[in-house]
A.B. asks: 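Handing you this structure, nothing more for now.
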There are 2 protein chains.
Amino acid sequence: MNRRGTYAKGAAKREEILVVALEVVAKRGCRKATLSEIAERVGLTQPGLTHHFSSREELFQEVLRARDTRDHAEYNPPNRGFDGFLAVMRHNMEVPGLVQLYAEFAAEASIPDHPAHDFFVERYAWVRGVIAAAIGRSQEQGEMGLDLDVAEAADLIVVAADGLQVQWLHDPTTDMLGRLSRMWALLRRSSWSVGDAGPGDEPAGTGLIP
Amino acid sequence: MNRRGTYAKGAAKREEILVVALEVVAKRGCRKATLSEIAERVGLTQPGLTHHFSSREELFQEVLRARDTRDHAEYNPPNRGFDGFLAVMRHNMEVPGLVQLYAEFAAEASIPDHPAHDFFVERYAWVRGVIAAAIGRSQEQGEMGLDLDVAEAADLIVVAADGLQVQWLHDPTTDMLGRLSRMWALLRRSSWSVGDAGPGDEPAGTGLIP
DNA sequence: GTCTATAAAAGGATAGAC
DNA sequence: GTCTATCCTTTTATAGAC
């Protein structure tokens, strides 16, 4: 531990930057949050900040990564299942800045050559996996039918959660937890087989498959 | 029609700008799309463009408004119900630029004092209403139970659609239509009463309501 | 309705000192 | 690890001519 003043200090500053970056995003929005303002708020110049995070995109990506790491450790101990996911969403309602950053940056990064594109693709896969595991656990306990298409069900939970967060940002009275619980309940009660109305199928008469 | 050269020309240029703005957004993303590039592509200078749309936010908002107007006329003639909604989503898959703009700009506008904030709040209410009407129609036809909470069900469809679009931007193999059809099927098969597991309720043991 | 010109600001990147 | 200094680029906004 003789690295005090170098490594330790650097790591602490990094943490501080991540926190302050979030505050600036919460106030200005992801688009209008600038490196200079963040730097100033942590008592650095803009080039000083760049030493820690070499670009705006890297910084925001790391803010979100740190969030995931902490949230997962805090709310998703092994096998907590859907309750853990709900707990994360409940926590999200106390940190609108994070939700705002997530929604805006994820959308911005949807363009294929965005620096954070791969981060989000991997993150989505990870989240779907977490939810799929929760569904699997629910199946083991007999709460959900074994004929449920787990991947599809997990997808629906994840996209509903994402969509809900944007709605909630626009209207904070949105009942995210209630809506997600309902979504979960729908899946719990349903029972379907692949040949029934599987992925890609459509209601008859839609005309989507000419 | 003696206004050729003034009103007519202005309106035509406006339309052209809306189209080109979309192309630039599709290429660069909403954040990186600039008034100057759009102006150049329509053969105007940036101040020339500003004459038609006084800000970036107004321009993007009008692109989305024009889209809604056209889509609604094209795919949602009275009482087409859920099929009409699916048709809009199918059409969206042919215009990723629009989906990209919608996702990114909606997230950006989630901050309360954003110029387009109200536009999105009103738009969400409108879309929810459209879906709620489709559900109501489905109930009349006996396809959906009368005990369905229409507002809640409509919400779930809308947020799932929004979330799906972002997922699809990141991974174009995402089966948006299949997922939405499944969502609809879940609601069709379900049957719930308000006291059963109504909005705001949670699974037992979640601890979300201390 | 569109231009030129210019403002006025700000964004992010980089080289080199300490 | 942080600063100063500087650079280049870009962005939006505005005033006034045609």
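Just so it is clear: chains get the letters A, B, ... in the order the sequence lines come, proteins before strands, and each one is counted from 1.
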A.B. asks: How close or far is atom C1' of C/dG1 from atom CD of B/Gln46, stated in whole angstroms?
C.D. replies: 15 Å
A.B. asks: Scan residues 33-68 of chain B for pairs that pass ring pair (Phe, Tyr, Trp, His ring centres under 6.0 Å), counting only residues two or more places apart or in two chains.
C.D. replies: B/Phe60-B/Phe105
A.B. asks: Answer whether the closest heavy-atom distance between the side chains of B/Arg182 and B/Leu186 falls below 4.5 Å.
C.D. replies: yes
A.B. asks: Can you list every salt bridge (Lys or Arg N to Asp or Glu O under 4.0 Å) pair that touches residues 29-47 of chain A, not counting sequence neighbours?
C.D. replies: A/Glu23-A/Arg41, A/Arg28-A/Glu37, A/Glu37-A/Arg41
A.B. asks: Between B/Leu164 and A/Val159, what is the shortest heavy-atom contact and its length?
C.D. replies: N-CB, 3.6 Å
A.B. asks: Mind running a 4.0 Å heavy-atom check of residues 47-60 of chain B against DNA chain C and sending the residues that fall below it, in number order?
C.D. replies: B/Pro47, B/Gly48, B/His51, B/His52
A.B. asks: Classify the ring geometry between A/His170 and B/Phe120 as parallel (under 30°), tilted (30 to 60°) or perpendicular (over 60°).
C.D. replies: tilted
A.B. asks: Looking only at non-hydrogen atoms, find the nearest pair between A/Leu59 and A/Ala21 and report the distance.
C.D. replies: CD2-CB, 4.0 Å
A.B. asks: Enumerate the residue pairs fulfilling side-chain hydrogen bond (donor to acceptor under 3.5 Å, both in side chains) with a member in residues 99-109 of chain B, sequence neighbours excluded, ordered by first and then second residue.
C.D. replies: A/Ser110-B/Gln100, B/Arg56-B/Glu108, B/Gln100-B/Glu104, B/Tyr102-B/Arg123, B/Tyr102-B/Asp162, B/Glu108-B/His114
A.B. asks: So do A/Leu44 and A/Ile17 actually touch side chain to side chain, heavy atoms under 4.5 Å?
C.D. replies: yes
A.B. asks: For B/Lys32 and D/dT10, what is the distance between atoms NZ and P respectively, to the nearest whole Å?
C.D. replies: 10 Å
A.B. asks: Side chains of B/Arg137 and B/Glu143: closer than 4.5 Å at any heavy-atom pair?
C.D. replies: no
A.B. asks: Using whole Å, report how far CD1 of B/Ile17 lies from P of C/dG1.
C.D. replies: 11 Å
A.B. asks: Strictly below 4.0 Å, heavy-atom distances to any atom of DNA chain C: list the hits from residues 33-45 of chain A, or just say none.
C.D. replies: A/Thr34, A/Leu35
A.B. asks: Tabulate protein N/O versus nucleotide N/O from nucleotides 16-18 of chain C, keeping only pairs under 3.5 Å, one per line.
C.D. replies:
none

